[in-house]
Structure formats: C-alpha cells, structure tokens
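Just the heavy atoms: all of them, side chains too, but no hydrogens, waters or symmetry mates, feed the values below.
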Amino acid sequence: MQLVHPPLTVVAATISVLLAGSVLAAAPTSPDTAIADETLTVLGQTYRNTATKTQLEPIETPQAISVVDSETLEQRGVSSVSEALRYVPGVNTELRGGAVSRLDLFNIRGFDNYQNFYDGLLLQYNNWNLQPQIDPVAIEQLEVFKGPTSVLYGSMPPGGMVNLIAKRPQREAKHSVSVATGTGTLKEMTVDSTGAINEQLAYRVVGLARQKEGQAVTSEEERYVFAPSLDWQLSDRTLLNLNLYYQKDPAAGIYTTVSASGSVKSNPLGQLDSDTFLGDENWNQYNRDVTLLGYKLSHDFNDNWQVLQNARYMDSSAYQKNTYNAALAADNRTLARNAYLTDEHSKGFVIDNQLAGKVQTGAAQHNLLIGIDYQYLDAKILYKDTLDYSAPPIDIFDPDHSQIVPSELVFNYQDQQSIRQYQTGFYLQDQMRLDRLVVIGGARYDSYRMDTDSHSLYMGSASHSLAQIDQDNVSFRFGGLYELDNGFSPYMSYADSFEPVPGADKNGQAFEPSTAQQWEGGLKYLSEDMSKTFTVSAFHITKQNALVTDPDNIYGPKLQTGEIVSKGIELEGRADLTDNLDLAFSYTRLDMEITRDTTDLQGKTPVWVPEQMASLWSNYHMSGSLQGMRIGAGLRYVGEAQLDAANTDTVPDYLLMDLAASYDLAALSHSLKGVEASLSVSNLFDETYYSCYDQNNCWFGAERNMEARLKYVF
C-alpha cells in the first residue's frame with residue numbers, strides 16, 4: 001500500500017500563503033516580539049515550549065515540567081535518552097537493565113512510556129521492536145512534561161511525555177570535533193558544525209560514529225548518525241527549516257533476560273555476574289536503520305499572529321535474531337530456550353499545524369492556540385518462533401554461547417502482520433494573563449483508527465484474521481497559577497489523557513479507549529536574579545479501562561474493567577550557591593495501586609514502580625591555578641520495587657554515584673584555545689543492582705562506565 005500523505009497542492013498552497021504574508025501584514029515585527037530569552041535564541045525561532053506549544057516560559061505553566069540542557073548531556077557523557085533522564089524527578093529509567101540499549105524505555109509517575117517526541121512530533125513506534133531512537137549528539141535539550149498531555153499531543157500514557165529538542169542552525173559560526181574512548185574499548189568520534197551561508201541561509205551538520213563492546217559478554221554496540229539541517233529565511237517574516245536525521249545501528253547489544261534466581265534472589269549454586277548473557281552469539285543480531293525527513297514552516301502575519309507547520313516523514317527498518325527463556329529448571333541451573341526472529345519495516349507521516357495569536361480583552365491578555373495534527377503509520381512485521389523450546393538449553397553458571405546452528409532451527413510458528421494506524425486531532429488552547437494570574441484551558445478531539453491484517457502459520461496450519469479499532473475521544477485541560485511578589489507561584493491544574501485499546505471482549509464488544517485524569521497542585525519559585533529555582537508538585541492520577549484477565553477464562557479475551565491510581569509528590573530544584581558552586585536536587589515519593597481488577601491483583605503495585613527516588617548533583621568551578629577545571633559529582637537513589645505482578649517479593653533499592661570532570665586546556669597554553677579534556681564516570685563504585693518484570697525475567701543494571709573525551713571547538 002502506498003503511504004498516504006497530504007496532497008502536494010496543500011503544502012504548496014500553504015507555502016504560497018505564507019510567502020504572501022509579508023504583503024498582507026502591514027506592520028514590521030517589533031522588538032518586543034523578538035525572542036529575547038537566551039535559551040530560545042539558542043533553540044531557534046521555530047522552538048515551542050513542550051507544555052504549551054508556544055514560546056511562553058515553563059515557569060508560567062500550571063503543570064510540572066523538567067528540562068535537561070545540552071551542557072548537562074555532554075558533561076555526564078550520556079549515550080541514550082534513558083541515561084539523560086536519570087536525574088529527573090518522577091522518571092524511573094533502566095527498566096530493562098543496563099545491557100539493553102536498543103530502546104528508550106522508562107516510566108513517568110509510574111506509567112510506562114515507549115514513545116518519545118522529537119521536535120514536537122511523535123516518534124512513531126510499531127509496538128514491536130522497531131522504536132526510533134534519537135542519539136543525544138543531535139539533541140539540544142530534553143523537556144519532560146509531567147502528567148496527561150493528550151490535549152496537545154493526542155494518544156499518550158497519563159504519566160507524561162519526553163520531547164527531544166533538536167540542535168538547530170545558528171547564525172554565529174561554531175564548529176567542534178571530539179574523540180572519545182572508555183569502557184568496552186569505546187571508540188567514538190563526533191562533529192558539530194553550524195553557521196551562516198549568506199543572509200538567508202544558515203546550516204548545521206551533526207555526525208557521530210561509535211563502536212564499543214556491550215555490557216553482556218560477546219555483545220557489541222555500533223552506531224552512525226548524520227543529522228544536517230538548514231534554516232532558510234524566505235522573507236522577514238517567514239522561516240523554513242529543513243531537517244534530516246539518519247541513524248544506522250549495525251549492532252545494538254542484547255535483549256535477553258536472566259532469572260530472578262541467581263540475580264536478584266539467591267541461588268543455592270551461586271550468583272550470576274552482571275555481564276551474564278544467556279543467549280547465543282550465533283543467534284543474536286539487531287540491525288536498525290531510521291530515516292527522518294522533515295520541515296518546519298513558520299510565518300508571522302503581524303506582531304500578534306503566527307502560524308507554524310511542522311511535518312516529518314519516517315522510513316525505518318529493524319531485523320532481529322534472538323532467544324527467550326523458560327522458567328529455570330529444578331536443578332537451579334538449566335534454562336530451556338526458544339529462538340525467534342523479527343523483520344520489521346515502518347513508514348509514517350506526522351504533521352502538526354498551529355496558529356498562535358495574542359488577543360487583548362480589557363485587562364486580560366490571551367495567548368490563543370488553534371491546531372490540527374495528523375499521523376499515519378504503515379508497519380509490516382514478520383515474526384518466526386521455534387515455539388517448542390527446541391533451541392539448545394543453556395547452563396546459567398557455565399554458559400556455552402555458541403550452541404545454535406542457524407540452519408538447523410525449525411520455526412513452528414510464523415506470523416505476518418500489516419498494521420495501519422491513523423490519528424487526527426483538533427485542539428484549542430487559551431493561556432490568559434490577568435496581571436499576576438495565569439490561567440490556561442484547552443480541549444481536544446481525537447479520531448483514531450487501526451487496521452490489522454494477520455496471516456499465521458502454526459505447525460503447517462494456516463489462519464487469517466482481520467481486526468479494526470475505530471475510537472474517538474475528547475480531552476480537557478485547565479489550570480491556574482498566581483505569581484507572588486517574592487518569586488513564588490502556587491498553581492493548580494486538571495488534565496485528561498487517553499490511549500486507544502485494540503481488540504474486543506468475549507462478547508465481541510469493542511474496547512473503549514483507556515482514559516485517565518490528573519489533579520495536580522504545587523508551588524514554583526524563581527529568584528529575582530534567576531540563580532535559584534525549584535518546583536514542588538503533588539499529583540493524583542486515575543486511569544480507567546485498563547485490560548484485566550477474565551477469571552472464568554484466564555487464557556481467553558481480556559475484560560476492560562481495570563483501574564490504576566498513581567499519587568505522589570515531586571520536588572526539583574537548582575541553585576547557584578556561590579560563583580563557583582551550583583547544586584541540583586530532586587525527590588519523588590510515589591504510591592501506585594491497582595484499585596479495580598477481576599483477579600487477585602487488586603490492591604497490588606505494578607512492577608517497575610519504586611516507592612521513592614532521589615538525586616543530587618553538584619558542580620564546582622575551580623579558580624586560581626586550576627582555573628578552567630570543573631568537577632561534578634552526583635548521587636542517585638532508586639527505592640525498592642515489586643518483583644512481579646503478584647507482589648511476591650521485592651527488588652532491592654540502590655544508591656549510585658557518578659562523577660564528571662572537564663578542563664579547558666587554554667589555561668595551560670594559549671595555543672590550546674578551544675581544546676577541552678573531559679572524563680565522566682557512571683556507577684563509580686560498580687554497584688550491582690537489578691530490574692525485574694517477573695520471576696523469569698530480570699536484568700542487571702549498568703556496570704561502571706568510564707568515558708574520556710578530547711574536544712576541539714573553533
């Protein structure tokens with residue numbers, strides 16, 4: 001099937017209207033409407049705040065939002081989005097351990113999240129193994145919008161979302177090259193170049209090449225990134241940004257698990273090492289290619305009204321060979337295994353049209369936002385599985401990683417699926433300021449459809465099935481914030497979310513969308529000199545229409561009666577204590593419970609939800625003879641979580657320490673101007689920690705990782 005996209009005449013007409021806008025708008029842009037904030041200048045004219053889809057400040061938003069900037073990403077030597085989120089309150093990372101790097105999986109306020117946004121547009125995920133990842137080398141900053149976000153972004157989990165802001169062209173020329181080495185015989189090189197071509201054009205080119213050994217024995221990781229972009233000032237009022245992101249991952253580590261016995265729980269025969277691999281090097285492969293081609297078209301009609309069209313096309317593929325395990329045998333050492341493969345291809349298109357304007361009604365100033373967005377995904381999946389545990393078993397304490405002979409594998413099950421998803425959303429938002437009072441309100445209508453065509457073959461018996469879901473939803477959001485004289489701003493908000501749910505119950509009744517509501521109240525503070533800021537928030541999220549097991553037929557169709565409640569407190573702050581010392585801290589207290597269920601899970605806490613999390617990071621800038629050196633240190637604590645859905649045991653808490661140091665070599669010699677050496681270490685004391693989904697599927701946390709980098713900026 002050909003990819004459905006808006007007719008080219010629509011795009012052409014949009015560009016024509018915007019180019020003509022300079023004639024329609026009589027008044028030139030005033031200095032008051034220019035982007036004065038330093039952060040926005042770096043992020044570019046087409047930047048929009050994740051929490052409001054406007055250029056308004058997060059401090060004015062009556063909902064919690066956390067920001068991780070590019071300096072922090074570089075200082076801590078992060079190589080994934082999950083690593084970048086380790087110090088953000090309310091976010092639990094490494095759900096599948098430290099050895100699994102092929103996907104960004106985390107939960108926010110207890111709700112799992114497989115989908116990120118890149119520059120305000122969804123990174124489309126096929127719900128199998130093909131998740132587009134954006135490498136931090138191409139990211140200017142991450143914005144974590146807490147709580148339900150459906151009013152602006154449609155289908156999303158109720159815990160929140162992560163928006164990755166891309167590096168954008170700058171008019172001022174700046175170029176950098178870096179090389180790095182470290183744990184796992186790391187070999188990495190990055191380039192980043194930006195500047196003006198002429199008065200109308202500015203460019204940016206970001207690139208990366210990385211190779212290293214994975215944490216698990218025999219595994220390897222390899223990645224190549226090429227991300228060019230171009231700003232074209234079509235007129236004084238019209239800016240077109242063209243952008244490309246290409247990523248190739250020839251190798252992406254492992255995806256296998258270990259049993260709880262021998263890892264998080266004791267085994268009478270001993271304990272496993274944190275580099276344990278229970279797969280097979282002859283059947284462990286993951287190749288991924290992702291191409292994202294997009295544009296942003298921004299036009300100011302006058303001082304008050306602006307339109308932005310943000311669109312992106314995706315073409316991606318992934319090929320995987322892997323194994324999965326049965327329960328540990330009675331001898332406490334033997335694991336039966338199945339071998340499987342997936343061959344996945346996805347093509348998608350997303351577009352978001354936004355009209356923003358300022359309207360004055362008496363003493364009130366309204367920041368209006370009207371939007372229409374659309375997305376389409378065409379995914380093809382081939383899945384093969386031996387399904388009878390005929391792959392050679394493995395001894396977990398004396399593993400032979402080269403037992404599988406690929407040509408001898410017999411796949412008893414095969415499934416070919418074609419999945420097409422369509423979603424259209426219409427949204428409206430008004431952010432009103434009346435002196436010190438900021439009030440926000442919004443509503444959205446979503447129409448979602450998914451068609452699935454599946455051809456299965458099991459032991460020579462073929463079957464064919466068609467399924468369709470067609471669901472719609474209306475979401476609301478409102479809140480208020482009041483700015484006091486002393487820098488404090490108390491706020492209160494309400495927000496909805498929804499997630500489409502495919503399938504039907506045992507009576508053939510199609511499922512309804514899963515919905516959630518959040519109440520949040522808190523206090524934000526920003527000192528007059530902007531050297532200190534903190535946010536404390538309390539939230540209560542109720543999610544309905546979750547799928548649960550039918551107690552009369554545990555293997556049959558699910559029922560839709562489940563309810564989950566997540567409530568807690570988050571604290572986040574930053575402070576410049578002196579000219580040389582700064583501090584960042586966070587704390588999360590989370591209580592999550594299944595409040596309605598047809599089985600014995602009612603009253604239980606889902607897995608991967610720690611009761612408490614806390615972090616502390618401090619930087620010290622040396623002076624005197626050590627001028628040019630910066631030393632940073634951090635502590636991150638993750639409390640205990642449930643080991644399985646039945647809450648039969650817990651996964652222990654852990655406390656890790658990270659370090660980072662950098663030195664500007666220009667302090668040694670003027671000839672070394674622009675050269676910086678840096679060192680980052682995560683899990684300094686190489687603590688062993690775990691994450692578990694159930695008794696048969698656990699993962700080791702990331703071992704100590706060191707990275708030394710030399711960077712030249714010119």
Side-chain angles (χ1 to χ4, degrees), residues 82-83 86 91-103 105-107 110 112 214-217 219 253-279 322-337 393-399 588 590 592-594 601 604-614 635-657 682-705:
S82 291
E83 290 181 10
R86 286 171 170 171
V91 181
N92 183 28
T93 63
E94 291 187 40
L95 303 189
R96 294 190 189 271
V100 177
S101 60
R102 67 182 60 173
L103 81 165
L105 173 60
F106 45 86
N107 60 37
D112 298 342
Q215 175 171 313
V217 294
S219 66
I254 69 164
Y255 201 57
T256 53
T257 65
V258 299
S259 63
S261 177
S263 59
V264 67
K265 299 176 69 175
S266 63
N267 183 306
L269 302 181
Q271 295 300 111
L272 300 173
D273 294 327
S274 56
D275 62 356
T276 296
F277 175 45
L278 299 181
N322 213 335
T323 62
Y324 63 93
N325 310 323
L328 191 64
D331 64 0
N332 289 315
R333 67 184 309 149
T334 304
L335 274 179
R337 300 183 298 175
I394 193 167
D395 184 335
I396 67 174
F397 293 110
D398 187 19
T588 304
L590 183 61
M592 194 172 193
E593 181 182 343
I594 298 172
L601 296 182
K604 306 295 187 183
T605 298
V607 298
W608 293 338
V609 180
E611 294 180 356
Q612 297 185 79
M613 294 182 289
L635 292 171
R636 44 191 170 99
Y637 170 79
V638 177
E640 70 175 23
Q642 297 300 321
L643 188 145
D644 54 26
N647 292 185
T648 61
D649 208 337
T650 59
V651 178
D653 60 352
Y654 57 88
L655 176 66
L656 307 177
M657 184 174 186
S682 62
N683 191 4
L684 177 66
F685 298 109
D686 204 17
E687 296 290 330
T688 300
Y689 59 105
Y690 316 92
S691 176
C692 290
Y693 184 78
D694 56 30
Q695 300 282 348
N696 301 327
N697 295 281
C698 292
W699 299 264
F700 285 96
E703 299 173 329
R704 177 172 53 224
N705 188 80

**Prompt:** For Ser261 and Asn267, what are the C-alpha separation, side-chain angles and deciding distance, and is it a side-chain hydrogen bond (donor to acceptor under 3.5 Å, both in side chains)?
**Reply:** CA-CA 5 Å; Ser261 177; Asn267 183 306; 3.0 Å; yes
**Request:** Kindly indicate, with the supporting measurements, whether the criterion side chain to side chain contact (heavy atoms under 4.5 Å, CB included) is fulfilled by Arg102 and Tyr255.
**Result:** CA-CA 8 Å; Arg102 67 182 60 173; Tyr255 201 57; 3.5 Å; yes
Check: [Y] main-chain N/O paired with [X] side-chain donor or acceptor under 3.5 Å:
X: Arg96; Y: Trp699; answer: no
X: Glu640; Y: Val651; answer: no
X: Arg704; Y: Leu684; answer: yes
X: Ser219; Y: Gly253; answer: no
X: Asp273; Y: Asp275; answer: no
X: Glu94; Y: Ser691; answer: no

**Prompt:** What residue among Leu656, Val638, Leu655 forms side chain to side chain contact (heavy atoms under 4.5 Å, CB included) with Tyr689?
**Reply:** Leu656
Determine whether [X] and [Y] make a side-chain contact, defined as any pair of heavy atoms from C-beta on separated by less than 4.5 Å.
X: Thr605; Y: Asn647; result: yes
X: Thr323; Y: Thr256; result: yes
X: Gln642; Y: Val609; result: no
X: Leu328; Y: Leu335; result: yes
X: Ser82; Y: Leu105; result: no
X: Arg86; Y: Ser682; result: yes
X: Asn107; Y: Leu95; result: yes

**Message:** Is it true that, when you exclude Phe397 itself, more than 12 heavy atoms of the residues, nucleotides or ligands shown sit nearer than 6.0 Å to its CZ?
**Reply:** yes
Taking every non-hydrogen atom, the tightest pair across [X] and [Y]:
X: Asn696; Y: Asp694; value: N-OD1, 3.0 Å
X: Gln695; Y: Lys265; value: OE1-NZ, 3.5 Å
X: Ala216; Y: Ala99; value: N-CB, 4.4 Å
X: Thr257; Y: Leu278; value: O-CD1, 3.7 Å
X: Cys698; Y: Val264; value: SG-CG1, 4.0 Å
X: Val607; Y: Ala645; value: CG1-N, 3.8 Å

To the nearest 0.5 Å, tell me how far [X] [atom1] sits from [Y] [atom2].
X: Asn705; Y: Asn683; atom1: CG; atom2: CG; answer: 9.5 Å
X: Ile394; Y: Asn325; atom1: CD1; atom2: CG; answer: 8.0 Å
X: Met613; Y: Asp653; atom1: CE; atom2: CG; answer: 13.0 Å

**Aromatic ring proximity, centroids under 6.0 angstrom, Phe700 and Tyr690** = yes
**Asked** Less than 6.0 Å separating the ring centroids of Trp608 and Phe106?
**Response** no
